[in-house]
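Taking it in order: structure first as structure tokens, then the write-up.
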Amino acid sequence: MDELLAIPGTRRESCSQAALAKLRAGELDDEAAARTRSHLSSCALCLREMDRLEQEEQQFRKEVSLAGFRRRQERKQAAHARRRWAGPAGLAIAASLLGVLALGPLRDLLKPTPRNQLKGTSPALELYVGGAGARPRVAVPDEQLSPGEKIRVAIRAPSASDGYVVVISVDEAGEATALYPETGESLPSDPGAGSHLLPDSVELTGQGFEKVIAVFSARPLRVDQVLEAARAELSRAGSLRAMSPLPVGSTESSQLLRKP
């Protein structure tokens, strides 16, 4: 097996950290999955490594949840402050300070400032941002990445018929990159409850915007087919924002990120 476990006592001919991560992500074919599970049943080192991977994912999700809770609290406090200013006391203060203004301009001045209503990502694709000393967070549309930050991808099949998925990214220069898997055909996707966190993090290089796209399908797709479809669609649309769903899968979910 490839990518041997970097821990003392590892049996180099059979232990693979990559295989364990791919088993958890559902990336192994039936034969490789059965072989890895059989190895796990008799290897205490790999069992401990599998436990570590599971604990790492749980901790990652816990930190994401905590960061999200803090952002929600900050938004609530900001909304409360706006409501207090817009209430009777706030109006009285504004009127005393701006009494020389006509009623129309005062009304305009006291209108709530429009806010961007940032919707959550599609349940079929979630992106988490972390690294560079910051707590991981759920990415919002047009998320600005800082230098050194990486992303992790979580997916959930939109329906039972969307049994396979390919995740790619496309940048403004037209460069299309396969993320999961890097070659071959689509991965099996689990339509069960909750999102499925894919292994390893990805660093997006360069500058400008990059679009991460998850393409779901009823049958496996060739990765190179999806990449070619993405290049062709970007060329047709002229921009990442104007791209239509790729004509290769049944369902698609995507999100734009702004690189450092």
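Minimum heavy-atom separation, Glu252 to Leu246: OE1-N, 2.7 Å. Closest approach of Ile155 to Ser189, counting heavy atoms only: CD1-CB, 4.4 Å. Residues Gly206 and Lys259 approach most closely at O-CB, 3.7 Å, considering heavy atoms. Nearest heavy-atom pair across Ala139 and Glu143 is CA-OE1, 3.5 Å. Heavy-atom minimum distance, Phe216 versus Ala124: CZ-O, 3.5 Å. Among all heavy-atom pairs drawn from Gly174 and Arg231, the shortest one is O-CG, 3.8 Å.
A donor-acceptor pair is defined here as one N or O able to donate and one able to accept, closer than 3.5 Å; no such pair exists between the side chain of Ser201 and the backbone of Lys150. Side chain of Ser217 to main chain of Pro220: no donor-acceptor pair is present (N/O by atom type, distance under 3.5 Å, no hydrogens or angles). Side-chain N or O atoms of Thr36 include one that pairs as donor or acceptor with a backbone N or O of Ala32 at under 3.5 Å. No donor-acceptor pair under 3.5 Å is formed between the side chain of Gln144 and the backbone N or O of Leu257. Although no hydrogens or angles enter the test, the distance criterion places a donor-acceptor pair under 3.5 Å between the side chain of Tyr180 and the main chain of Pro199.
To the nearest 0.5 Å, atoms CG (Leu197) and CZ (Arg156) are separated by 13.5 Å. For the atom pair CG of Leu256 and OG of Ser239, the computed distance is 9.0 Å after rounding to the nearest 0.5 Å. Considering CG of Leu179 and CD1 of Ile151, their distance stands at 6.5 Å, rounded to 0.5 Å. Annotation: the span from Lys211 atom NZ to Ile168 atom CD1 amounts to 9.5 Å, rounded to 0.5 Å. Atoms CG and CD, on Leu145 and Glu203 in that order, are 9.5 Å from each other to the nearest 0.5 Å. Atom CG in Leu227 sits 10.0 Å away from atom CD in Gln225 (nearest 0.5 Å).
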Derivation of the side-chain contact (heavy atoms from CB on, under 4.5 Å) call for Met50 and Leu40: CA-CA 9 Å; Met50 186 65 107; Leu40 269 172; 3.7 Å; yes
Evaluation steps, side-chain contact (heavy atoms from CB on, under 4.5 Å), between Arg258 and Asp142: CA-CA 6 Å; Arg258 187 193 293 268; Asp142 294 358; 5.8 Å; no
Full working for side-chain contact (heavy atoms from CB on, under 4.5 Å) between Val212 and Ser254: CA-CA 5 Å; Val212 179; Ser254 63; over 6 Å; no
side-chain contact (heavy atoms from CB on, under 4.5 Å) between Leu47 and Leu45, intermediate numbers included: CA-CA 5 Å; Leu47 278 173; Leu45 291 170; over 6 Å; no
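Taking 4.5 Å as the limit, every side-chain heavy atom of Ser146 sits out of range of all side-chain heavy atoms of Pro260. Counting only heavy atoms from C-beta outward, the side chains of Leu23 and Arg37 approach each other to under 4.5 Å. The side-chain heavy atoms of His39 and Cys46, taken from C-beta on, include a pair separated by under 4.5 Å.
Among pairs with a residue in residues 164-173, those fulfilling side-chain hydrogen bond (donor to acceptor under 3.5 Å, both in side chains) read Ser169-Glu210, at least two apart in sequence or across chains.
Taken together through direct or relayed side-chain contacts under 4.5 Å among Ile, Leu, Val, Met, Phe, Trp and Tyr, Leu204 and Val153 form part of one hydrophobic cluster. Under the 4.5 Å side-chain heavy-atom criterion for ILVMFWY residues, a single connected hydrophobic cluster contains both Leu125 and Val202. Hydrophobic clustering, with ILVMFWY side chains joined whenever heavy atoms are under 4.5 angstrom apart, groups Met243 together with Leu221. Val167 and Val215 are not part of a single hydrophobic cluster, where members link through side-chain heavy atoms under 4.5 Å apart. At a threshold of 4.5 Å between side-chain heavy atoms, the hydrophobic network of Ile, Leu, Val, Met, Phe, Trp and Tyr places Val223 and Val170 in one connected group.
Crowding of Arg219 atom CZ: a count of heavy atoms from other residues, nucleotides or ligands under 6.0 Å not exceeding 12. For Asp30, the CG atom is loosely surrounded, since the number of other residues' heavy atoms within 6.0 Å does not exceed 12.
Classification of Glu149 and Arg137 as a salt-bridged pair holds, one side-chain N sitting under 4.0 Å from a carboxylate O.
A cation-pi arrangement is present between Arg241 and Phe209 under the rule of less than 6.0 angstrom and at most 45 degrees off the ring axis.
Not counting sequence neighbours, the partners of Ser250 by the side-chain hydrogen bond (donor to acceptor under 3.5 Å, both in side chains) test are Asp162. Looking at residues two or more places apart in sequence or on another chain, you find a side-chain hydrogen bond (donor to acceptor under 3.5 Å, both in side chains) between Arg222 and Asp224.
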